[in-house]
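Being a predicted model, the structure only gives us computed values, none of them experimental. Just so we're on the same page: letters track the sequence lines, and every chain starts at 1.
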Protein chains: 2
Amino acid sequence: MEERRELVRVALGKEEASLVITNGNLVNVYSGELLEGLSVGIKGDKVAFIGTDVTHMIGDGTEVIDASGKIVAPGFVDGHFHMHVPLDEFLEHAIPRGTTTVFVELDLGYNLGYEAAIAELANMKGQPTKCFGLATFYLSPPPYLKQEGFALSLEDYARLLERDDVVALGESNWTGILDEDNRVLTSITAALARGKRAEGHGSGAKGNKLVAFAASGISSCHEPVNLSEAIDRLRLGLYVMIREGSIRRDLEAISQVKTENIDFRRLCLVSDGLNGEDLLSLGHMDFIVQKAINLGVDPIKAFQMATLNTAEHFGMGDVIGGIAPGRYADIVILPSLTKIECEYVISNGKVVAKQGKTVLHPRKCDYPESVLNSIHVPGPLQPGQFAVVAKGRRNKVAVRAMKLVTEVITQEHQASLPVVNDLVLPDLDHDILKVSIIESRNNTGKMVTGFIQGLGLKSGAIACSYSWEVGIPLVVVGTNDEDMATAINRVIELQGGLVVADNGTILAEVPLRIGAHVALGSITDTAHRFKKIKQAARELGCPMSNPFLTLQTIPGAALPFFRITLQGFVDLKNQKVVDLIVE
Amino acid sequence: MEERRELVRVALGKEEASLVITNGNLVNVYSGELLEGLSVGIKGDKVAFIGTDVTHMIGDGTEVIDASGKIVAPGFVDGHFHMHVPLDEFLEHAIPRGTTTVFVELDLGYNLGYEAAIAELANMKGQPTKCFGLATFYLSPPPYLKQEGFALSLEDYARLLERDDVVALGESNWTGILDEDNRVLTSITAALARGKRAEGHGSGAKGNKLVAFAASGISSCHEPVNLSEAIDRLRLGLYVMIREGSIRRDLEAISQVKTENIDFRRLCLVSDGLNGEDLLSLGHMDFIVQKAINLGVDPIKAFQMATLNTAEHFGMGDVIGGIAPGRYADIVILPSLTKIECEYVISNGKVVAKQGKTVLHPRKCDYPESVLNSIHVPGPLQPGQFAVVAKGRRNKVAVRAMKLVTEVITQEHQASLPVVNDLVLPDLDHDILKVSIIESRNNTGKMVTGFIQGLGLKSGAIACSYSWEVGIPLVVVGTNDEDMATAINRVIELQGGLVVADNGTILAEVPLRIGAHVALGSITDTAHRFKKIKQAARELGCPMSNPFLTLQTIPGAALPFFRITLQGFVDLKNQKVVDLIVE
């Protein structure tokens, strides 16, 4: 109450402002205008005043920033974000890019359980910029898989959704909703009952299925990849999050919306998460807004899509996302409306970055033991464990291999593979490699091995500790069992990471210690390691820019059409588990 | 949860819809488009489906409405409403006009206290359409008046704001906020802390004062009367409610916004309350939308202003205000986009009106004894109690009279009045009448008498039981003390009402039994009585179309510039209590 009184008093000139920004050209996201010659008065963490004259609130203690000729715009809001680098490292580099609010999927919680979610939320508190959590739901595996072992229980979701710092149920996959999975329907209902949002993941959903997905109460989708998918979703009342980040880049395709005579209020720009390389080389929301403008989107609308629209989606349109009295003072100062380079970044009323340099550094993050040592497997794997046995005497056998159609989409490909001593071998000539997934959380020793086409390795193996599947199996793809064992054993030893091995030697590695998923330490070091490991994979013959993204997505039944899971091989089109060997 | 499942199943055609509307032209308020040839599938109270084909969800139990060639639009939402007629009577006539949600200021609570507020909320439950309460704050009288006796305590506001059916702190006057009144700042903070809105009343506020008003956390204003006031407020991030109802009609002036290149998302159309006459003769939101369209506002934007924008303001943009899967099925069917005459009104998935006739009637309202017998004064008034004494021998005395500048705005007018036997008399030749206000809630017998110019009565007196002031004084204006006593005593006897008396006779009356403010019984009867009483006032010489609106606004320090209050005469410009007689 005293804070509100203070804002009123500052606006009236009865008290001095803590910070004023004078004579800028203000991006008014509420009215959709650029207003010239406006000043902003700030007290504490909030805006107290906007108007042509702030002299009445300037006192001895008032910091003054002259914004003559500059653009004064709201700080950027990323409405859908996955943490690929530690939060403190991310903020250190995102703050000078103008990011003032991030809505973060609680991936650690999803992977490791409630304690990890709470640790993530604790790390998000007291940072120079605002971070809110989304209680990630992700997957409802198809009912025929009868999967169990979810790290978060329904009670955990309910407890998370009770918290003020958790503003939505995180992304939930449409297929589980259409399968009427009780867990996801219960959790969506729990979010809506608390007046919170339920984020959707409707990758490829269309027609009546897309409508049914929306009917479940889902309030957004960040998965449209082209204009028509985006418009289909808008028309269903969903917030459409246009994704431009390390996972996918959909902005160029969807930017064609610029020529449509439609209401933009439910269009948002989001990153869906950035790896360290992209963050360092491209930036964060500044890059996305710049790209939208470069693609011909009206600059004011581009700002709205990166600020107010997202704030409104989360029910925070009167709290963040715009520069107006009573709102958090989250502001960027830019050289021009089409040059998104932050000269100043102000967050919670404080200058947090100047000329590209962070001046208010993030608080260091802490992680509990359970997050740092999260891989639990019965011990080192032996090469023999990767064997695929074909009973009976024969020289050839037909198997169902996963064929990569894109770097993340697969289809079933029946391949004829050589059998030697009852063991099915990969076929390097046809780029058919072995792939294994190993349950890694509960020490079960569960492991499934099959074949994959399209990764291009001519020698060695590549392994990774993080994947999009219940139980988060480790994944290894290789040309031979020995290197597969070498690579995956190093991943286990590291307690998380990416490894490239060849001829019994580790060629490159990226330790990923946080939940076996995110690298501790400096983003620059990690980016360097990533560069080297991708290079190492390329040298073994893999033509992909990032084969580890492919590895992550290999297990699990979220992406079409043919997958390896801990329950076996899944034909998603026909919704059944199938045998590896075609009889 | 089962409801969500059902919606998903209906969308997929696994269950039948309860109601489908086929082949209409849909007003899509999310994308801002008119989409031709769309059908809507409804299950229970929610929309399950929109799409080109609903045949897969039509079963034996499905009601089908053919909307070929018709407009299918969201039901109308009135975001700022005062109850001038009983809620059941209002709904009976508003439902066929397409009203499906009303945000109601809890005036009875404001006037009579917590029990009355709860009675209002109870009456709002289980009606054919949705009604939400706003915990009306109204006035913070100027601190120099030291007024007390508010019917609702701060604890009452906090209790009301805890309830799901109270979605905002109701309108709060800007002057109290600028005076830093603790009560209003505490209540605004309480609303915001619960993620609810705080509605503003910023009549005439401008410049730094308007900015300070916004800084308090107020989220809307329904008081702008012209385009520039509206735009000033929009630019401050406020929702602007354009008012078109019985209190004021601002739509024509503000409709000029149609030529502005600004974002309309924070513009809403509201009535601010309707009397029975206007409701019967003009309609409700249908009239307002029609008028906006007639004034040249883009029809789709007019619909958005009467549906989604208001829903979003109250944080319900994913619940009501548009036709999309998962939302409440609140729908109107119209002959064309520019002819707002509801052929069907569907609320909560049920047909509630057809061709202008209500088919699902409102539940009857109940009021507790404390609401029906709310006037508490020491007994009938004697003519002598209206005397104004001027001490000392003189023939003339200068008094500060209230001069009506408009029907609600007054200024101080120094008048020279005749004194006979130490009593100051009115001056009918110069239209200077007597005005008295009488405290009516707490049996205090407190009464203040002065003079008013501009009501035009040549004979008799008019009285009214409802006014915009703490303690809700009774108000009577007359040409002589005897008729003033006759009129006000009849008001007391009726336990609320409007009365015109002349020569000791009651010429006309409108009983207002609900909180001494709203008439029980049929709106048609009451409208007829209103017509007759206004006629009676005219016959006594009053030229105003509705002198009772003027009477209501006479006491209290909310409207400029010179007022009579239970604390005496108030010069609002100079912020002080002044004497009636100029010495």
Side-chain angles (χ1 to χ4, degrees), chain A residues 1 3-5 7-13 28-33 35 46-51 56 177-178 180 182 185-186 188-189 192 195 197 207-209 211-219 231 234-238 261-263 265-266 304 312 315 317-318 322-327, chain B residues 1 3-5 7-13 28-33 35 46-51 56 177-178 180 182 185-186 188-189 192 195 197 207-209 211-219 231 234-238 261-263 265-266 304 312 315 317-318 322-327:
Chain A
M1 194 268 274
E3 185 196 32
R4 292 284 153 194
R5 182 198 305 277
L7 295 175
V8 169
R9 290 177 60 82
V10 170
L12 294 173
N28 192 310
V29 289
Y30 307 106
S31 64
E33 298 170 294
L35 300 173
K46 302 254 164 46
V47 173
F49 184 85
I50 58 172
H56 63 298
I177 291 168
L178 265 54
E180 301 171 36
N182 281 336
L185 292 174
T186 302
I188 291 171
T189 308
L192 300 183
R197 304 298 173 267
N208 293 357
K209 292 182 177 176
V211 181
F213 176 52
S216 70
I218 284 293
S219 43
I231 288 184
L234 270 189
R235 287 176 176 166
L236 292 171
L238 296 172
N261 184 23
I262 60 165
D263 197 320
R265 74 172 91 179
R266 290 187 174 225
Q304 288 176 320
E312 288 186 342
D318 290 348
I323 303 174
R327 268 65 164 192
Chain B
M1 194 268 272
E3 186 195 34
R4 292 283 152 196
R5 183 197 304 277
L7 295 174
V8 169
R9 290 178 60 81
V10 170
L12 294 173
N28 191 311
V29 290
Y30 307 106
S31 63
E33 298 170 295
L35 299 174
K46 302 255 165 46
V47 173
F49 184 86
I50 60 173
H56 62 299
I177 290 168
L178 267 52
E180 302 171 36
N182 281 336
L185 292 175
T186 302
I188 291 171
T189 307
L192 300 183
R197 304 297 174 267
N208 292 357
K209 291 181 177 176
V211 181
F213 176 53
S216 71
I218 284 293
S219 43
I231 289 184
L234 270 189
R235 287 176 176 166
L236 293 171
L238 296 172
N261 183 23
I262 60 166
D263 197 320
R265 75 172 91 178
R266 290 186 174 226
Q304 288 177 319
E312 289 186 342
D318 290 347
I323 303 174
R327 268 66 164 190

Hey, could you give me the CZ/OG1 distance between A:R4 and B:T186, rounded to the nearest 0.5 Å? 12.5 Å
Quick one: what part of A:S31 sits under 4.5 Å from any heavy atom of chain B, side chain, backbone, both or neither? both
In terms of heavy-atom proximity below 4.5 Å to chain B, should A:L35 be classed as side chain, backbone, both, or neither? side chain
Rounded at 0.5 Å granularity, tell me how far CD1 in A:I177 sits from CG in B:L7. 12.5 Å
With chain A, which of B:H56, B:K209, B:K46 has the greatest number of heavy-atom pairs at distances under 4.5 Å? B:H56
Let's test your reading of the structure: which of B:L234, B:L236, B:L238 forms the most heavy-atom pairs below 4.5 Å with chain A? B:L236
With B:R235, which residues qualify under side-chain hydrogen bond (donor to acceptor under 3.5 Å, both in side chains), at least two apart? A:E33
Is it the backbone or the side chain of B:R5 that comes under 4.5 Å from a heavy atom of chain A, or both, or neither? both
Quick one: which of A:D318, A:I262, A:N208 has the most heavy-atom pairs under 4.5 Å with chain B, could you say? A:N208
Taking all atoms of both residues into account, what is the closest heavy-atom pair of B:D263 and A:G32, and its distance? CB-N, 4.0 Å
Please look at B:N28 and chain A and tell me whether the side chain, the backbone, both or neither of the residue comes under 4.5 angstrom of a heavy atom of that chain. side chain
Atom group of A:Q304 that falls short of 4.5 Å from chain B, counting heavy atoms: side chain
Proximity breakdown for A:A214 and chain B, heavy-atom pairs closer than 4.5 Å: both
Counting heavy-atom pairs under 4.5 Å to chain A, which of B:R9, B:R197, B:E3 comes out on top? B:R9
Who among B:G317, B:G237, B:G326, B:G315 has the most heavy-atom pairs with chain A under 4.5 Å? B:G237
When rounded to the nearest 0.5 Å, the distance separating CZ of B:F213 from CG of A:L12 is 12.5 Å
Distance (rounded to the nearest 0.5 Å) between A:M1 CE and B:N182 CG: 4.0 Å
Mind listing the closest non-hydrogen atom pair of A:A215 and B:V8 along with its distance? CB-N, 4.4 Å
Pair count under 4.5 Å, heavy atoms only, with chain B: among A:G195, A:G322, A:A11, highest is A:A11
Quick one: side-chain contact (heavy atoms from CB on, under 4.5 Å) partners of B:A324, sequence neighbours excluded? B:Y30, B:R327
Tell me, for A:R265 versus chain B, whether the close heavy atoms (under 4.5 Å) come from the side chain, the backbone, both or neither. both
Please look at A:L178 and chain B and tell me whether the side chain, the backbone, both or neither of the residue comes under 4.5 angstrom of a heavy atom of that chain. both
